[in-house]
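Quick notes on the structure that follows.
Bear in mind the structure is a predicted one, so any value in this text is a computation, not a measurement.
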Amino acid sequence: MLLGHQTNRCSDLLLHRGFLLLLFHVQAIASCPKSCHCSDISGAMVVHCSSRNLEEIPIDLPMETVSLKLDANKIHQVPNNAFKDLSYLQELDLSRNAIEKIELAAFKGVAEGLRLLDLSGNQIHSIPKEALEKLRAKIRLSNNPWHCDCTLQEVLRELKLDPDTVNDISCQTSVQEEYVGKPLIQVLDSGINFCNIHHKTTDVAMFITMFGWFAMVITYVVYYVRHNQEDARRHLEYLKSLPSTQITKDFDTISTVL
C-alpha cells in the first residue's frame with residue numbers, strides 16, 4: 001500500500017509539473033509578437049521573424065526565447081539593450097538586413113549565454129569593440145562593406161569567428177588603397193598590421209607639422225635680420241648724405257649731453 005501511494009504521489013507530481021510546463025509554453029506562445037511566429041521545439045522557444053519587412057527589432061519578444069530569427073528584414077541598427085530581457089537566448093540571426101550601426105550596449109544581457117550571432121549580409125562599415133568584447137558566441141561577419149583599419153583589426157582579434165565564413169570578410173575600403181577588395185584575414189595573415197600603419201601615419205603628420213613650424217620660425221628670423229639690415233643701411237646712407245659740419249655738430253651735441 002505504501003509503495004502504491006508513493007507511486008501515485010510521484011505520478012501526480014509529474015503530471016502537475018508537466019501541466020505547469022505546458023501552461024508556461026502556451027503563455028509564452030500567446031505573448032509572441034504579431035509580426036512573428038513562435039514555436040516550441042523540444043522545449044526550446046524559437047521565434048521566427050524572418051522576411052517580415054521589419055525596420056526595428058520587436059520589443060515584445062518572449063523572455064523564454066532561445067532562438068531568434070530576424071533575418072531578411074529592413075533593420076537599420078541594433079540599439080542599446082535590444083535583447084536585455086532574453087537571458088535564455090542562444091542563437092541570434094540578424095543576417096541580410098540593412099544594419100549600419102551597432103551601439104555599445106546592443107548585446108547587453110545576452111553576452112554570456114549567446115552561442116551564435118549572425119551579422120552577415122548587412123551594411124556594417126565598422127563596429128565598436130565594446131559591443132562585442134564580452135561575447136563568447138561564434139560570429140558571422142561576412143559580406144559587409146568593412147573599412148579595414150586598426151579598430152577593425154582590434155575587434156576581430158577578440159572574436160570567435162565562424163571558420164566557414166571568415167574568408168568572406170573583405171575590405172571595401174581601407175587605410176591603404178592596396179588592400180581594397182581583399183579578404184581581411186588574408187591581409188592580416190600576410191603580416192600586415194593596420195595599427196602600425198596608423199602609428200606611422202600619425203608620426204609622419206607630426207613630423208610635417210613640426211617641420212612647418214620650424215620653417216615658419218626660420219622665415220621670421222631671416223625676415224627680421226634682413227629688415228634690420230635694411231634699416232641700418234638706410235640710416236648709414238642718410239648719415240653719409242649729411243654735410244660734414246652737420247655731422248660734427250651732431251657729435252658735439254651728443255658729447256655735451258653725455
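A side chain to side chain contact (heavy atoms under 4.5 Å, CB included) with I99 holds for exactly one of N73, V78, L70; it is V78.
When every heavy atom of C36 is checked against every heavy atom of V47, the shortest pair comes out as CB-CG1, 3.9 Å. Minimum interatomic distance between F107 and A131 (heavy atoms only, all atoms of both residues): CD1-O, 3.5 Å. Residues L184 and C171 approach most closely at CD1-SG, 4.0 Å, considering heavy atoms. When all heavy atoms of I124 and N144 are compared, the pair lying nearest together is N-OD1, 3.2 Å. Contact record, P163 with K138: CD-CD, 4.3 Å, taken as the closest heavy-atom pair. The minimum heavy-atom distance between V187 and K182, with the atom names listed, is CG2-CB, 3.9 Å.
Tracing side-chain contacts under 4.5 Å through hydrophobic residues (I, L, V, M, F, W, Y), one reaches L161 starting from I102; they form part of the same cluster. A continuous path of hydrophobic side-chain contacts links Y179 to L188 [ILVMFWY only; heavy atoms under 4.5 Å]. Both I192 and V175 are members of a single hydrophobic cluster when ILVMFWY side chains are connected at heavy-atom separations under 4.5 Å. Taking hydrophobic clusters as Ile, Leu, Val, Met, Phe, Trp and Tyr residues chained together by side-chain heavy-atom distances below 4.5 Å, L117 does not share a cluster with Y88. Connection of V46 to V110 is not established within any shared hydrophobic cluster, with ILVMFWY side chains joined at heavy-atom distances below 4.5 Å, either directly or through further cluster members.
You'll find the side chain of P145 reaches within 4.5 Å of the side chain of Q123, heavy atoms only. A heavy-atom distance below 4.5 Å is not found between the side chains of E55 and Q77. Taking 4.5 Å as the limit, some side-chain heavy atom of C38 sits within range of a side-chain heavy atom of M45. Considering only heavy atoms from C-beta on, E158 comes within 4.5 Å of K129 through its side chain. The shortest distance between side-chain heavy atoms of D162 and L141 does not fall below 4.5 Å. Residues L68 and D93 have side chains not in contact (no heavy-atom distance under 4.5 Å, counting atoms from C-beta outward).
Once rounded to the nearest 0.5 Å, the distance linking CG of D149 with CD of E154 reads 10.0 Å. Distance NZ/K101 to NE2/H125: 13.5 Å, rounded to 0.5 Å. Taken from CD in E103 to CG in N80, the straight-line distance is 4.0 Å, to the nearest 0.5 Å. Separation of atoms CZ (F83) and CG (L94) is listed at 5.0 Å; rounding is to 0.5 Å. In this structure, Q90 CD and T65 OG1 are separated by 11.5 Å, a value rounded to the nearest 0.5 Å. Here the SG-CG distance, from C49 to L61, works out to 6.0 Å after rounding to the nearest 0.5 Å.
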Go through it in stages, so that I can follow the logic: the residues are T151 and F194, the test is side chain to side chain contact (heavy atoms under 4.5 Å, CB included), and I'd like the CA-CA distance, side-chain angles, deciding distance and then a yes or no. CA-CA 8 Å; T151 301; F194 287 109; over 6 Å; no

For K160 and R115, what are the C-alpha separation, side-chain angles and deciding distance, and is it a side chain to side chain contact (heavy atoms under 4.5 Å, CB included)? CA-CA 10 Å; K160 180 182 176 182; R115 297 290 176 265; over 6 Å; no

When you look at D118 and L92, which way does the side chain to side chain contact (heavy atoms under 4.5 Å, CB included) test go after all the steps? CA-CA 6 Å; D118 195 342; L92 177 56; over 6 Å; no

Under the side chain to side chain contact (heavy atoms under 4.5 Å, CB included) criterion, do S39 and H48 qualify, and how do the steps go? CA-CA 8 Å; S39 58; H48 298 267; 3.9 Å; yes

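Between the side chains of D71 and S50, at least one donor N or O sits under 3.5 Å from an acceptor N or O. Looking only at atom types and distance, the side chain of Q153 has a donor-acceptor partner in the side chain of N193 under 3.5 Å away. Judged purely by distance below 3.5 Å, without hydrogens or angles, the side chains of T173 and H147 pair a donor atom with an acceptor atom.
Within 6.0 Å of the CD1 atom in I59, the count of heavy atoms belonging to other residues, nucleotides or ligands does not exceed 12. Within a 6.0 Å radius of CD in E130, more than 12 heavy atoms belonging to other residues, nucleotides or ligands are found. Other residues, nucleotides and ligands place no more than 12 heavy atoms under 6.0 Å from the CD atom of E177.
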